[in-house]
Amino acid sequence: MSFRPLHDRVLVKRLEEQSKSKGGIIIPDTAKEKPQEGEIVAVGSGAIKDDGSVRPLDVKAGDRILFGKWSGTEVTLDGAELIIMKESDILGIVGA
């Protein structure tokens with residue numbers, strides 16, 4: 001994929017939600033919520049500060065993250081459904 005987000009934006013691929021509950025009940029597709037966990041595919045160069053310098057992002061490609069339910073903009077690139085969001089929309093890194 002040849003896409004690089006600009007400045008403080010990241011490109012995220014949603015991780016698939018479990019189709020079975022912990023109790024073994026199978027959840028139908030219509031009842032599932034979109035997962036709020038994803039993997040970063042690409043990152044921008046960094047946020048531009050007031051003095052013109054660039055602050056690098058705290059996340060990198062390959063990180064597993066948690067993000068808000070309504071964060072980012074959904075796009076389709078090369079047949080894959082991805083999300084473009086600002087670094088500030090990321091709640092945290094999983095397993096860091």
Side-chain angles (χ1 to χ4, degrees):
M1 179 179 315
S2 59
F3 181 84
R4 183 178 59 89
L6 297 176
H7 307 297
D8 64 338
R9 289 180 174 79
V10 295
L11 186 65
V12 177
K13 178 182 178 186
R14 271 189 212 271
L15 296 178
E16 293 298 320
E17 189 70 27
Q18 296 289 333
S19 61
K20 214 186 243 190
S21 71
K22 290 181 182 179
I25 298 171
I26 297 175
I27 303 168
D29 289 338
T30 55
K32 287 184 191 175
E33 288 189 22
K34 290 185 177 180
Q36 294 173 267
E37 187 174 349
E39 180 179 347
I40 295 182
V41 177
V43 296
S45 57
I48 299 174
K49 299 194 296 188
D50 291 336
D51 64 1
S53 62
V54 176
R55 181 189 65 81
L57 301 181
D58 291 330
V59 295
K60 62 186 179 307
D63 284 349
R64 287 183 64 169
I65 60 163
L66 291 177
F67 51 89
K69 189 176 242 180
W70 309 109
S71 299
T73 302
E74 294 184 0
V75 295
T76 303
L77 297 171
D78 296 337
E81 292 186 21
L82 303 166
I83 305 168
I84 299 173
M85 67 178 67
K86 287 188 164 239
E87 182 188 33
S88 60
D89 291 337
I90 297 172
L91 302 176
I93 300 172
V94 178

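Sequence positions, counted from 1, serve as the residue numbers for this chain. Just so you know, these numbers come straight off a predicted model, no measurement behind them.
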I'd like to check M85 versus I90 (side-chain heavy atoms, cut-off strictly below 4.5 Å). Are they in contact?
yes

Check whether more than 12 heavy atoms from other residues, nucleotides or ligands sit under 6.0 Å from atom CZ of R4, and answer yes or no.
no

Using the side-chain contact (heavy atoms from CB on, under 4.5 Å) definition, which of the options V59, I40, L15 pairs with R64?
L15

Between K86 and D89, does any NZ, NE, NH1 or NH2 come within less than 4.0 Å of an OD or OE carboxylate oxygen?
no

Does a side-chain heavy-atom distance below 4.5 Å link F3 with I84?
yes

Residues V41 and A61: closest non-hydrogen pair is O-CB, 3.6 Å

Note: L57 and E87 closest approach over all heavy atoms is CD2-OE1, 3.3 Å

Under 3.5 Å: donor-acceptor pair, side chain of D51, backbone of S53
yes

So do I83 and F67 actually touch side chain to side chain, heavy atoms under 4.5 Å?
yes

Could you measure the distance from the CZ atom of R14 to the CD atom of Q36? Nearest 0.5 Å is fine.
8.0 Å

In this structure, CD1 of I93 is separated from CG of D63 (nearest 0.5 Å) by 4.5 Å

